[in-house]
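Accompanying notes for the structure given below.
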Amino acid sequence: MDGFAENEGVIVLAATNRPDVLDKALLRAGRFDRQIVVGLPDVKAREQILEVHSRKKHFAEDIDLKIIAKNTSGFAGADLENVLNEAALLAARRNLNKIGMKEIEDAMVKVTMGPEKKTKVRSEKENKLVAYHEAGHAVVSHFLETQDPVHQISIVPRGMAGGYTMYRPTEDKSFMSKTEMEENIVSLLGGRVAEALILQDISTGASNDIERATKIARSMVTKYGMSEKIGAIMLGGNQEEVFLGRDLAQSKEYSEETAAIIDEETKRIVDTGYNRARQILSDNIDKLHQVAIILLEKEKIEADEFEAIFGQ
């Protein structure tokens, strides 16, 4: 940072995970000589991070750090350390001398979704609702080309979730296409559609799915220029949550007529995704029933067993 004599040998360092709320005076040219952006590690960096944190840990012969690095797309360095530590704890609890791939995979789920709540008692009706909800996500995603393959489905509560469908990323991604965003919305709405189709009712369990789908659709319209009616312009600026130093009263940058079009386009994108999810599940209702029945019996389905249902 400037303001120091050249011969004093003082180096000023600063770090933040919210550069958007810093005073502009700190960011102007000449203040800090170097600005280093530290993003999420790529597959090679994850492998190197795993090598560091795997020292002094005893692994089984089936452990391959390259495979673990490939399956942990989006994990930060702290997450990777946490996975190996959790895997070591699981191995100890299971009276194992070495950490196996099973412990690594269970640790990845725990780090991502939170600990299991096996003591939570649910009614048969709730279990059926969760089973069909998660089966809906999985079956819809299976028929969407841009979506990652299903890794695990469970109706055992974890963290704040009553159940979950986990996907295994096949590659690191820096960008998302319009088609991929549209299919993300279809996948997210698969659970709500399954509830409506099978149970003839809907629940509050889809609230987070709807929130995420709506956020994607609105971003497509206002941020990424993916609406033909709006065009390739950005509306509303940065609409992230209010934080330190941020003005609560941000002025609206567009008219009421434009706001109505934004709402209309957002609803159109979400409705299109909902109808596509309904069509996929209606055409594959037998697969939906099969997945839900297995979930009610076993509580969990792994990737191989899920894919076998569609290979019949």
Side-chain angles (χ1 to χ4, degrees), residues 113 116-167 181-218 263-303 305-312:
M113 302 300 301
E116 285 188 345
K117 298 180 179 178
K118 290 187 175 181
T119 56
K120 185 174 182 179
V121 179
R122 284 195 306 221
S123 66
E124 184 178 337
K125 181 179 178 181
E126 278 193 337
N127 274 337
K128 183 178 180 181
L129 186 148
V130 175
Y132 274 101
H133 183 100
E134 299 305 333
H137 284 306
V139 173
V140 167
S141 298
H142 178 81
F143 291 97
L144 301 174
E145 292 184 3
T146 65
Q147 299 304 292
D148 294 322
V150 172
H151 174 58
Q152 187 184 89
I153 318 167
S154 173
I155 60 171
V156 178
R158 276 187 181 270
M160 298 296 292
Y164 61 88
T165 302
M166 281 190 68
Y167 304 91
M181 296 181 79
E182 289 173 340
E183 292 195 344
N184 276 350
I185 294 172
V186 179
S187 175
L188 285 167
L189 296 176
R192 164 55 65 88
V193 173
E195 292 179 21
L197 278 177
I198 304 302
L199 306 176
Q200 305 299 315
D201 198 1
I202 54 178
S203 73
T204 58
S207 61
N208 182 252
D209 299 329
I210 294 171
E211 179 183 351
R212 290 163 61 193
T214 305
K215 187 175 181 180
I216 292 172
R218 188 167 289 274
D263 292 340
E264 178 185 324
E265 284 292 275
T266 301
K267 186 177 187 301
R268 178 187 63 78
I269 293 170
V270 174
D271 286 348
T272 300
Y274 185 95
N275 291 333
R276 187 176 175 191
R278 183 169 58 187
Q279 186 65 52
I280 290 172
L281 290 181
S282 297
D283 293 343
N284 299 277
I285 198 76
D286 56 328
K287 306 299 184 185
L288 178 64
H289 284 306
Q290 286 182 56
V291 175
I293 289 170
I294 295 174
L295 279 173
L296 289 170
E297 291 176 355
K298 302 174 60 176
E299 293 188 328
K300 288 183 184 179
I301 298 179
E302 301 296 336
E305 189 173 5
F306 177 75
E307 291 298 330
I309 293 173
F310 294 89
Q312 293 175 357

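Residue numbers run from 1 in the order of the sequence given.
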Carefully, step by step, assess V140 and V193 under the rule side chain to side chain contact (heavy atoms under 4.5 Å, CB included). CA-CA 10 Å; V140 167; V193 173; over 6 Å; no
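- Side chains of D283 and Q279: a donor on one and an acceptor on the other come within 3.5 Å.
- Here the CE-CD1 distance, from M181 to I216, works out to 6.0 Å after rounding to the nearest 0.5 Å.
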What do the steps show when you test E265 against R268 for salt bridge (Lys or Arg N to Asp or Glu O under 4.0 Å), and what is the final call? CA-CA 5 Å; E265 284 292 275; R268 178 187 63 78; 3.1 Å; yes
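- N208 is not listed as a side-chain neighbour of L188, based on a closest heavy-atom distance of 4.5 Å or more.
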Run the numbers on E305 and K298 for salt bridge (Lys or Arg N to Asp or Glu O under 4.0 Å), then give the verdict. CA-CA 12 Å; E305 189 173 5; K298 302 174 60 176; 2.9 Å; yes
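- A distance of 6.0 Å separates CD1 of I269 from CD1 of I185, quoted to the nearest 0.5 Å.
- Distance check: L295 CG to H133 NE2 gives 12.0 Å after rounding to the nearest 0.5 Å.
- When side chains are defined from C-beta on, H289 counts as touching Y132, because their heavy atoms get closer than 4.5 Å.
- Interatomic distance, CD1 of I210 versus NZ of K215, reported as 16.0 Å (0.5 Å rounding).
- Looking only at atom types and distance, the side chain of H137 has a donor-acceptor partner in the side chain of D209 under 3.5 Å away.
- Contact of the I293 side chain with the E297 side chain is registered, since non-hydrogen atoms from C-beta on lie closer than 4.5 Å.
- Between I301 and V150, the closest side-chain pair of non-hydrogen atoms is not below 4.5 Å.
- Residue pairs meeting the salt bridge (charged side-chain N to carboxylate O under 4.0 Å, His left out) criterion with at least one partner in residues 188-206, sequence neighbours excluded, do not occur; the list is empty.
- A distance of 4.5 Å separates CD of E183 from CZ of R276, quoted to the nearest 0.5 Å.
- Residue T146 holds its OG1 atom at 9.5 Å from CD of E182, rounded to the nearest 0.5 Å.
- At least one donor-acceptor pair under 3.5 Å links the side chain of R122 to the backbone N or O of G162.
- Q200 places a side-chain N or O within donor-acceptor distance of the main-chain N or O of L197, the cut-off being under 3.5 Å.
- Side-chain contact between V139 and I309: absent, with no pair of heavy atoms (C-beta onward) separated by less than 4.5 Å.
- The heavy-atom pair separating Y274 from A196 by the smallest distance is OH-CB, 3.9 Å.
- A distance-only check finds no donor-acceptor pair linking the side chain of S187 to the backbone of S141 [under 3.5 Å].
- Under the 4.5 Å side-chain criterion, counting only non-hydrogen atoms from C-beta, V186 is in contact with L144.
- Between the side chain of K287 and the backbone N or O of F310 there is no donor-acceptor pair closer than 3.5 Å.
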